[in-house]
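The block underneath contains the structure these notes are about, expressed in structure tokens.
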Amino acid sequence: IIYILIEPIRVDLKMSDTQVGLLTGLSFAVVYGLAGLWVARLADRHPRHLIIAASILVWSAATALGGLASSYWQLVLSRLGVAAGESGSTPAAHSLIATLFPPERRAFNIAILGLGAPFGVLIGYVGGGWLATHVHWREALIWAGVPGLFLAILVATTIKDPLRAKLANSEQPK
């Protein structure tokens, strides 16, 4: 949604083209890449459904907090939170798919997961465009972040991590 809202944000926060580029490109990409490696390591050791739920919670809360930003640097911090949150969902989801589905069904299910990104972009552009015509960019970011808070709770309470549950219920080797 940030991309569809960038012009009113740029005007309101008096951002230069360089600041826009750093906000929407470099800073996001660097944090996304580095955080993704760290969260992938966490997903190797902790319940993956909770990693996914936490990722959704972080990126949704950071999106909503972006609506409260009163300066460029506050918005940058919000975007870094979005990047960190978004980076954690993919490694944990791929790992969970590998556990939940047999090898002959994994590629299809990973492809379905992969469709989430373009559909998310579509929803961000369409929904963000609609919001941008009806509310201030700050409200649009808040509205965009709030549904994810509920989705995080839904993921945490309805998806189970079968491998971790199996390991927790089995006797540890001696």
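The analysis underlying the following values was restricted to heavy atoms, covering all of them including side chains, and did not include hydrogens, waters or symmetry mates. All residue numbers refer to positions in the sequence shown, counting from 1.
No side-chain heavy atom of I52 sits less than 4.5 Å from a side-chain heavy atom of I159. The shortest side-chain heavy-atom distance between I4 and V126 does not fall under the 4.5 Å cut-off. Between I56 and L149, the closest side-chain pair of non-hydrogen atoms is not below 4.5 Å. Using a 4.5 Å heavy-atom cutoff, the side chains of L13 and L75 are in contact. Considering only heavy atoms from C-beta on, V76 stays 4.5 Å or farther from Q19 through its side chain. Taking 4.5 Å as the limit, some side-chain heavy atom of P162 sits within range of a side-chain heavy atom of L100. Counting heavy atoms from C-beta outward, L80 and S27 have side chains that approach closer than 4.5 Å. Between V155 and L50, every side-chain heavy-atom pair lies at or beyond the 4.5 Å cut-off.
Under the 4.5 Å side-chain heavy-atom criterion for grouping Ile, Leu, Val, Met, Phe, Trp and Tyr, M15 is connected to L26 within one hydrophobic cluster. V121 and I123 are members of different hydrophobic clusters when ILVMFWY side chains are connected at heavy-atom separations under 4.5 Å. W59 and L57 sit in two unconnected hydrophobic clusters of ILVMFWY residues. Membership requires side-chain heavy atoms under 4.5 Å apart, directly or through other members.
To the nearest 0.5 Å, atom CD1 of residue I51 and atom OG of residue S89 are 11.0 Å apart. Residue T24 holds its OG1 atom at 8.5 Å from CD1 of I2, rounded to the nearest 0.5 Å. Considering CG of L141 and CZ of R79, their distance stands at 8.5 Å, rounded to 0.5 Å. Note that OG of S16 and CG of L22 are 8.0 Å apart. Values are rounded to the nearest 0.5 Å. To the nearest 0.5 Å, atoms OG1 (T158) and CD1 (I153) are separated by 11.5 Å. Taken from CG in L115 to CD1 in I110, the straight-line distance is 12.5 Å, to the nearest 0.5 Å.
Using modelled atom types and a 3.5 Å distance limit, the side chains of T99 and R48 yield a donor-acceptor pair. Using a 3.5 Å distance cut-off with no hydrogens or angles, the side chains of S70 and Q74 do pair a donor with an acceptor.
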Side chain to side chain contact (heavy atoms under 4.5 Å, CB included) evaluation trace for E7 with V11: CA-CA 6 Å; E7 186 57 23; V11 170; 3.6 Å; yes
Step-by-step side chain to side chain contact (heavy atoms under 4.5 Å, CB included) determination, T63 to V146: CA-CA 8 Å; T63 298; V146 168; over 6 Å; no
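Contact between A83 and Y32 at its shortest, heavy atoms only, is O-CD1, 3.6 Å.
Legend: ring-ring contact (aromatic ring centres under 6.0 Å, His included) pairs involving residues 114-154, not counting sequence neighbours, sorted by first then second residue: W130-H134. Residue pairs meeting the ring-ring contact (aromatic ring centres under 6.0 Å, His included) criterion with at least one member in residues 70-110: none, sequence neighbours excluded.
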